[in-house]
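Working notes, structure below.
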Amino acid sequence: MKIYNTLSGRKEDFAPRNDTVKMYVCGVTPYAPSHLGHAMSYIIFDTIRSYLEFRGYKVKYIQNFTDIDDKIIARANESGIPTHDLAQGFIEQYFANMDTLNIKRATIYPRATEEIPKMIEVIEGLIQKGHAYEVGGDVYFRVQSDPDYGKLSHRTLDGMMAGARVEIGEAKEHPLDFALWKAAKPGEPQWHSPWGPGRPGWHIECSAMSLKYLGETLDIHGGGQDLTFPHHENEIAQSESFTGVKPFVRHWLHNGLLQLGEEKMSKSTGKLITISEALSKYSPDALRLWVLSSHYRSPMTYSDENLAATEKGVERLRNTNNLDIKESAATAIDSQTYRERFIEAMDDDFGTPQAIAALFDLAREINRGNDEGLHIGEALNTFRELTGVLGLKLSDVTISPPVAEAFVEGLPAEVVIESWVKEREELRKAKQWNRADDVRDRFKQWDLTLEDTSQETILRYKGRIWRRYKKP
RNA sequence: GGCGACGUAGCCAAGUGGUAAGGCGGGGGUCUGCAAAACCCCUAUUCAGCGGUUCGAAUCCGCUCGUCGCCUCCA
């Protein structure tokens, strides 16, 4: 397998140190509902994790929650809800979103507020080694003590100082020194520390948690491209300075960012579409397939037109997925070449677009085989296995169309519908086509379409199969 | 200003030296009472523009135009 590494800027051979892959992905700061950009990132890393497992690795996957920070404090103060409760509410929402998107839970979800002792231990070590210093209850990392600082984001201290936006001042030795520990301000949540009451800075949590749960060297560390600098750069500086072990991370992975119109989707700008909103319009499968239809390092732009198009594509995969396997003595179709294409694509830096292309081709092969009466069982199993690696469920009845709550002359429409299907079938047998079509027209009021096969009548709502009625 | 990414058909999107995957849409056809679903065929002589290297470039180099990201909280 080859994986692109942000640190080296090129694809490198992937081989974990042992059969368990140590994987860390930066999680969210739970102060607002998660948006589609988060969904994109976590769908991507879930798929990477899933593929590694498919390839026979065990994966220990750690994802943090930054459950204390400036914005959480600000929101808590506005709403009068304690920071812990505020964060807890959004964490629960986050899990609900992730579950709906069929994103497998991480092995452990450590929270910043529960890992303070480990952070203090790391900060103390950094001070002892001369990599950090305390000023008035704050502790800062001394960037000039790390000759490698800037290696991940490919910049230099001089280059960054040339930028116009560096603020000079405060008590820092160097403008780019960053906070490891922040002295408490009145009314803020605080924890005891050797430097007085305060709270951790943003970057230190990830160093502390990864060290605690995965050790000194991680195989994979992931996150959005917007985390490359300063967050991940600072993590490297802290971790390598503390442990003296390099590399801290063997493969740095960064996903491209989601755009909404002209701008990045971002909580702080308010330009966003929440995951819940998106899920009210599109199926989880469509959202996953949409995200995975472009390479994970490329940016994407949100578009209703494209998501609607993806929904149609999902429908084709779903129709194939839900074919009945009939026992057949006929020749079986061979799915091996499609499986190989899938693996070849995914082995090359997780080439999901080509992998998906192989799955669409396999779907066509299966449908064709099904039409020709060939044995499709094995190929269908391969199809289900590989779509499953991408986290697609492709199941039938997970929707509740308006008809489910409708009434016909006082009776629930669902009850009436079955009799209509029977009525229409009898009219068709009698070749009374006009009257049969009149019955079919009744379904239009709920956007239901009918599909006749030799054995059953299928009712679809917006392309999705909703009910199947066996023909007598 | 510094660093980086990108610009491929109506839309989305692969392809990084050997002659353009896949999806959506569109057109035609098969099947069907008609549909639906499925299947078959067609839909970029061309890869932002201009030069250059090469037997050969969407792929390498240079310049121009355009879009976006990071440099500040951010997946």
Side-chain angles (χ1 to χ4, degrees), chain A residues 6 9 25-29 31-32 34-45 63 66 69-71 74 150 153-156 158-167 176 202 222-231 233 254-259 262-269 272 289-290 293-295 297-301 303 305-317 319-320 323 341 345 351-361 363-372 428 431-434 436-437 440 449-454 457-460 463 465:
Chain A
T6 307
V25 175
C26 286
V28 295
T29 301
Y31 73 92
S34 297
H35 58 71
L36 262 191
H38 299 118
M40 177 180 170
S41 192
Y42 299 120
I43 285 169
I44 285 166
F45 287 108
Q63 188 180 118
T66 305
D69 96 317
D70 291 347
K71 291 201 204 70
S153 51
H154 304 110
R155 39 190 108 187
T156 61
D158 288 346
M160 285 185 270
M161 289 304 294
R165 300 211 222 165
V166 174
E167 285 176 32
L176 290 170
W202 173 34
Q225 273 170 357
D226 52 352
L227 296 181
T228 309
F229 190 90
H231 186 54
E233 193 69 60
H254 291 97
N255 64 273
L257 301 178
L258 184 63
Q259 310 266 131
E262 304 292 285
E263 275 181 69
K264 181 178 78 170
M265 195 173 284
S266 158
K267 281 192 281 195
S268 52
T269 61
L272 53 80
L289 190 69
W290 178 66
S293 68
S294 91
H295 188 83
R297 280 188 279 115
S298 301
M300 300 191 80
T301 303
S303 149
E305 186 191 356
N306 293 335
L307 268 160
T310 304
E311 194 78 73
K312 293 288 196 71
V314 164
E315 196 49 51
R316 255 185 68 207
L317 298 180
N319 285 333
T320 298
L323 288 174
R341 273 174 65 195
T352 52
Q354 299 101 310
I356 288 167
L359 293 178
F360 271 100
D361 286 342
R364 174 174 289 112
E365 185 79 31
I366 290 171
N367 289 336
R368 188 193 294 137
N370 188 53
D371 286 352
E372 292 170 0
R428 292 184 70 224
K431 296 191 192 298
Q432 302 206 32
W433 308 123
N434 288 340
D437 289 348
R440 180 165 63 189
T449 54
L450 281 76
E451 181 177 330
D452 296 310
T453 71
S454 57
T457 300
I458 297 169
L459 277 183
R460 286 176 185 268
I465 294 176

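Here is how names work: the chains are called A, B, and so on, in the same order as the sequence lines, proteins then strands, and each is numbered from 1.
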Spacing between A:Met161 atom CE and B:G2 atom P, to the nearest angstrom: 17 Å
Inter-nucleotide P distance (B:A48, B:C11), Å rounded: 14 Å
Span that lies between the C1' atom of B:A5 and that of B:U16, in whole angstrom: 15 Å
Distance between C1' atoms of B:G7 and B:C50 (Å, rounded): 16 Å
Test item: A:Thr228 side-chain N/O and A:Gln225 main-chain N/O as donor-acceptor pair under 3.5 Å: yes
Rounded distance (Å) that lies between atom C1' of B:G1 and atom CE of A:Met160: 15 Å
Side-chain donor/acceptor of A:Lys312 to base of B:C24, under 3.5 Å: no
Rounded distance (nearest 0.5 Å) linking atom CH2 of A:Trp290 with atom CD1 of A:Ile356: 12.5 Å
Phosphate OP1/OP2 of B:G15 contacted by A:Gln354 side-chain N/O (<4.0 Å): yes
Are there any protein N/O atoms within less than 3.5 Å of an N/O atom in nucleotides 4-10 of chain B, and if so, which ones and at what distance?
none

Between the protein and nucleotides 27-29 of chain B, list every N/O to N/O distance that falls short of 3.5 Å.
none

Length of the line joining A:Ile356:CD1 and B:G22:P, which is rounded to integer Å: 14 Å
Among B:G22, B:A21, B:C71, the nucleotide that comes nearest once only the side chain of A:Arg155 is considered: B:C71
Distance between P atoms of B:U67 and B:A75 (Å, rounded): 28 Å
Separation between the P atoms of B:A37 and B:U46, rounded to whole Å: 35 Å
Residues that A:Asp69 engages under salt bridge (Lys or Arg N to Asp or Glu O under 4.0 Å), provided they are two or more places apart: none
B:A20 and B:A58, which share atom name C1', separated by this distance in whole Å: 8 Å
Residue met sooner reading RNA chain B from 5', once A:Tyr42 and A:Asn306 are mapped to nucleotides: A:Asn306
Separation of B:C73 P from A:Leu257 CG (nearest whole Å): 16 Å
N-O pairing of A:Arg368 and A:Glu365 below 4.0 Å: yes
Main-chain N/O of A:Ala363 paired with A:Asn367 side-chain donor or acceptor, under 3.5 Å: yes
Annotated protein contacts, base or backbone, on nucleotides 33-38 of chain B with a non-hydrogen cut-off under 4.0 Å, one of B, S, - each: BBBBSS
A:Leu176 CG - B:C71 P separation (whole Å): 12 Å
side-chain N/O A:Ser298 vs B:A14 OP1/OP2, d < 4.0 Å: yes
C1' spacing across the pair B:G10 / B:C60, given as an integer number of angstrom: 32 Å
Side-chain donor/acceptor of A:Glu233 to backbone N/O of A:Ser153, under 3.5 Å: yes
Any side-chain heavy-atom pair of A:Arg440 and A:Asp437 under 4.5 Å: yes
All stems with RNA chain B, defined as three or more consecutive Watson-Crick or G-U pairs under 3.5 Å: B:1-7 with B:65-71, B:10-12 with B:22-24, B:25-30 with B:38-43, B:48-52 with B:60-64
Residues that A:Ser303 engages under side-chain contact (heavy atoms from CB on, under 4.5 Å), provided they are two or more places apart: A:Glu305, A:Asn306
